[in-house]
Amino acid sequence: MRQKIDLLQGWQFTGLDGQTTTVSIPHTWNNIDGQDGGNDYKRGTCRYETAFAQPAFDAETQEVWLEFDGVNSSATVTFNGQALCSHDGGYATFRAEITGLLQEENALVVTADNSVNDRIYPQKADFTFYGGIYRGVRLLVVNKAHFALDYLGSCGVRVTATPEGKGAKVRVQSRVSGGDVVITLKDHKDRVLGTANGTDVTIELEKAHRWHGVEDPYLYTCHAEVVADGVVTDALDIPFGVRSFRVDPKIGFVLNDKPYPLHGVSRHQDRKGLGNAIIREHHDEDMKLIAEMGCNTVRLAHYQHDQYFYDLCDRYGMVVWAEIPYISEHMVNGRENTISQMKELIEQNYNHACIVCWGVSNEITISTKRAEKKDMLDNHHVLNDLIHQTDPTRFTTLACYAMCGPFNPVAHITDVVSWNLYLGWYVPGLFLNDLWISFFHLCYPKTPLGYSEYGAEGMPNLHSSHPRRNDHTEEYQAKYHEFMVKCFKRHPYMWSTHVWNMFDFAADARDQGGEPGMNHKGLVTFDRKVKKDSFYLYKANWSKEQFVHICSKRYAERADKVTKIKVYSTEKKITLIVNGKTFDTKESDDHVFTFKVPMEDVLKVEAVCGRLKDTATFTRAEKLPEKYILPKKKNKQKSNWV
């Protein structure tokens with residue numbers, strides 16, 4: 001049976017400055033300079049070296065492989081002085097066999113390169129391209145008869161579950177290096193439901209429990225074995241779900257023949273002080289926060305995420321949009337890289353019940369040169385066709401840039417389309433969102449439309465009683481999202497909406513909100529410690545967890561004569577108690593309650609509904625404290641990173 005041996009400790013890292021230090025994996029050299037602004041983080045080729053003793057294995061019957069979960073952006077691997085493999089694309093798994101090169105003591109050298117170039121994506125985008133071995137590295141010791149390890153980083157087994165009536169047909173296709181394949185399907189209680197032998201088998205389930213998103217994320221297990229000479233030589237347990245889905249241009253997303261409106265967030269994977277070198281505990285925390293808010297969909301932007309996070313999406317019932325980093329600018333020399341990254345994305349993630357669509361590109365028209373437009377469109381058609389041929393079970397999508405109009409041909413290649421629109425943030429006029437959605441639907445009533453990004457910057461330390469666009473206050477961010485929640489309810493035919501972003505993230509080219517190097521559109525801060533008020537707005541609309549939340553608690557010092565106390569809650573009625581006395585009771589159908597309260601030297605406020613309550617304290621100030629106001633800069637970056 002296969003054995004995994006992690007190679008995480010005792011690596012010697014030589015950076016661009018020529019200095020060598022001892023590091024552990026996961027690691028990136030941009031965890032600090034990629035988050036501090038200036039668009040000057042170090043991009044180049046760095047070197048990782050480690051040594052390890054030959055693992056115990058039988059050379060007659062076993063093989064040893066190296067497995068990398070992610071090296072950004074390009075990797076060149078040398079083993080015991082010999083060139084072993086290279087890989088272009090920083091977000092996918094890749095492997096190489098080392099059996100014939102093993103010695104008693106072994107030297108492994110990996111060069112990671114995030115240099116600027118014109119052939120590997122991404123090269124231009126609103127996030128930091130952290131360099132390094134930022135995901136796991138391990139040895140795999142396997143029998144010579146094993147599930148394939150050399151096919152696009154996949155596990156070697158494809159599971160396709162097709163609902164039929166109350167049951168389902170489950171097709172299992174395997175790639176093996178030798179031996180016979182035995183497939184056993186089990187339910188969540190480990191009860192055997194069916195077996196079959198062969199590399200391409202179909203097992204019928206008389207009754208199949210549907211995977212139904214966050215409401216019922218039921219998973220089966222495909223236990224796949226390789227058997228040689230009567231002995232099990234390799235085995236995999238692959239979770240899978242039985243579900244059907246489609247997109248209807250009139251009613252939106254449909255899951256298992258039931259309307260299932262998709263509302264959720266996009267996610268970047270990086271963290272403050274860590275960059276993209278994160279571990280499972282960080283993924284767990286992210287998913288718990290996303291689930292707490294009541295999301296039922298996640299757009300995993302703008303690249304392939306860690307396998308563990310797709311596993312979490314399966315288990316939590318998140319419907320996932322998965323995509324490659326074909327972003328911002330078409331590069332003629334990068335066509336092959338878009339194809340290889342798409343193949344890896346599909347093959348490595350095919351078995352995840354959570355994934356319903358493959359994203360072809362993001363804002364590709366933002367910087368693509370006019371002379372390259374024809375090649376860009378052709379590249380999109382190639383990718384779209386590749387997806388349909390490789391995985392006919394899922395649909396294709398892409399995210400258009402705001403300035404990419406509804407008649408642009410790039411918007412009419414994939415099965416569905418979404419837009420990244422920030423009307424009311426970069427552009428004045430929240431009402432424009434309604435006009436845009438209605439106009440597109442009028443022109444293309446048969447094309448499903450979504451919002452792949454929408455949002456506004458919100459700094460938890462900046463506040464105003466009169467919030468306005470571009471002031472970066474927590475209050476304007478909340479005001480913006482209050483409008484968008486109502487806007488989307490007026491357009492129930494939209495196939496999905498994804499807030500940009502669940503978390504603040506690093507974008508070293510930015511200088512906004514008084515904190516350079518960051519995009520602050522997250523509903524939660526970069527360190528995951530502060531849930532902004534907008535988080536609770538969505539939780540009130542989407543979650544079943546009952547709660548009461550007083551907004552703008554951090555706006556504690558106020559110069560108002562009459563101050564506004566706003567409350568978000570899942571409940572229909574809220575009573576406000578001020579300085580120990582009942583002030584007012586209000587009802588609301590939109591989860592937002594607003595009270596105008598005369599300011600006193602000290603206001604101790606309680607918002608109450610039954611046993612649910614929240615408290616806050618506000619004090620009088622002579623004028624609005626400077627700490628709540630975004631400092632004016634001579635060369636203030638007024639727009640986005642572009």
Just by distance, do the side chain of [X] and the backbone of [Y] share a donor-acceptor pair under 3.5 Å?
X	Y	result
Asp286	Gln269	no
Thr297	Val319	yes
Ser328	Lys124	yes
Asn106	Ala51	no
Asn80	Ala107	yes
Asn31	Asn276	no
Asn433	Leu430	yes
Glu97	Val64	no
Asp391	Thr393	yes
Arg469	Tyr426	yes

Report the residues that fulfil side chain to side chain donor-acceptor pair (under 3.5 Å) with [X], sequence neighbours left out, ordered by chain and then residue number.
X	answer
Tyr91	none
Arg335	Asp375, Asp378
Thr20	Thr14

Cut-off 3.5 Å, side chains only: do [X] and [Y] have a donor facing an acceptor?
X	Y	result
Ser74	Asp88	yes
Trp11	Gln9	no
Ser115	Asn117	no
Asp126	Asn519	yes
Tyr48	His27	yes
Asn114	Asn30	yes
Ser266	Glu453	no
Asp284	Tyr308	yes
Asn420	Asn362	yes

Pairs meeting criterion ring-ring contact (aromatic ring centres under 6.0 Å, His included) with involvement of residues 262-290, two or more places apart: Phe127-His268, His263-Trp542, His268-His302, His268-Tyr303, His268-Trp500, His268-Phe505, His283-Phe309
Which of parallel (below 30°), tilted (30 to 60°) and perpendicular (above 60°) describes Trp495 and Trp321?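 Aromatic pair Trp495/Trp321 classed parallel.
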Would you say the side chain of [Y] lies within less than 4.5 Å of the side chain of [X], judging by non-hydrogen atoms?
X	Y	value
Tyr480	Tyr454	yes
Arg394	Ile355	yes
Asp311	His352	yes
His498	Val265	no
Leu101	Leu84	yes
Leu523	Lys531	no
Val356	Phe395	yes
Gln123	Glu329	no

Would you name the heavy atoms of [X] and [Y] that are closest together and state the gap between them?
X	Y	result
Cys404	Val410	SG-CG1, 3.5 Å
Ile327	Ala125	CD1-CB, 3.6 Å
Thr338	Ile324	O-CD1, 3.5 Å
Cys46	Gly15	SG-CA, 3.8 Å

How long is the gap from [atom1] on [X] to [atom2] on [Y], to the nearest 0.5 Å?
X	Y	atom1	atom2	value
Ser361	Ile413	OG	CD1	8.0 Å
Leu66	Arg138	CG	CZ	10.5 Å
His380	Thr396	NE2	OG1	10.5 Å
Ile387	Asp415	CD1	CG	8.5 Å
Asp306	Leu312	CG	CG	9.0 Å
Ile346	Thr390	CD1	OG1	5.0 Å

From the options Asn337, Leu398, Ile339, Ile364, select the one residue that forms a side chain to side chain contact (heavy atoms under 4.5 Å, CB included) with Tyr326. Ile364
Measuring centre to centre across the rings, with the benzene-like ring taken for any Trp, is His472 within less than 6.0 Å of Trp425? yes
With ring centroids as reference points, do Phe440 and Tyr444 lie under 6.0 angstrom apart? yes
Going through the distances and angles, do Tyr310 and His305 end up as a side-chain hydrogen bond (donor to acceptor under 3.5 Å, both in side chains)? CA-CA 7 Å; Tyr310 294 104; His305 285 231; 5.9 Å; no
Whether Arg528 engages the ring of Phe503 as a cation-pi pair (distance to the six-membered ring centre under 6.0 angstrom, angle to the ring normal within 45°) should be assessed. yes
Report the residues that fulfil ring-ring contact (aromatic ring centres under 6.0 Å, His included) with Phe68, sequence neighbours left out, ordered by chain and then residue number.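 With sequence neighbours excluded, Phe68 shows a ring-ring contact (aromatic ring centres under 6.0 Å, His included) to Phe94, given in chain and number order.
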Start with the C-alpha distance between Asp508 and Asp40, add both sets of side-chain angles, then the distance that settles side chain to side chain contact (heavy atoms under 4.5 Å, CB included), and finish with yes or no. CA-CA 7 Å; Asp508 200 51; Asp40 57 356; 3.5 Å; yes
As a quick check of understanding, evaluate side-chain hydrogen bond (donor to acceptor under 3.5 Å, both in side chains) for Gln304 and Gln348, giving each step before the final call. CA-CA 10 Å; Gln304 183 171 331; Gln348 293 177 26; 2.8 Å; yes
Looking at His520, Lys532, Lys521, Lys272, which hits side chain to side chain donor-acceptor pair (under 3.5 Å) with Asp504?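 Among the candidates, only Lys532 passes.
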Hits for salt bridge (charged side-chain N to carboxylate O under 4.0 Å, His left out) against Lys373, two or more places apart or cross-chain, chain-then-number order -> none
Could you give me the CA-CA distance, side-chain angles and deciding distance for Trp65 and Glu63, then say whether side-chain hydrogen bond (donor to acceptor under 3.5 Å, both in side chains) is met? CA-CA 7 Å; Trp65 290 67; Glu63 297 173 355; 3.0 Å; yes
Any carboxylate oxygen within less than 4.0 angstrom of a Lys/Arg side-chain nitrogen, looking at Glu49 and Arg47?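 Here Glu49 pairs with Arg47 in a salt bridge, since their nearest N and O are under 4.0 Å apart.
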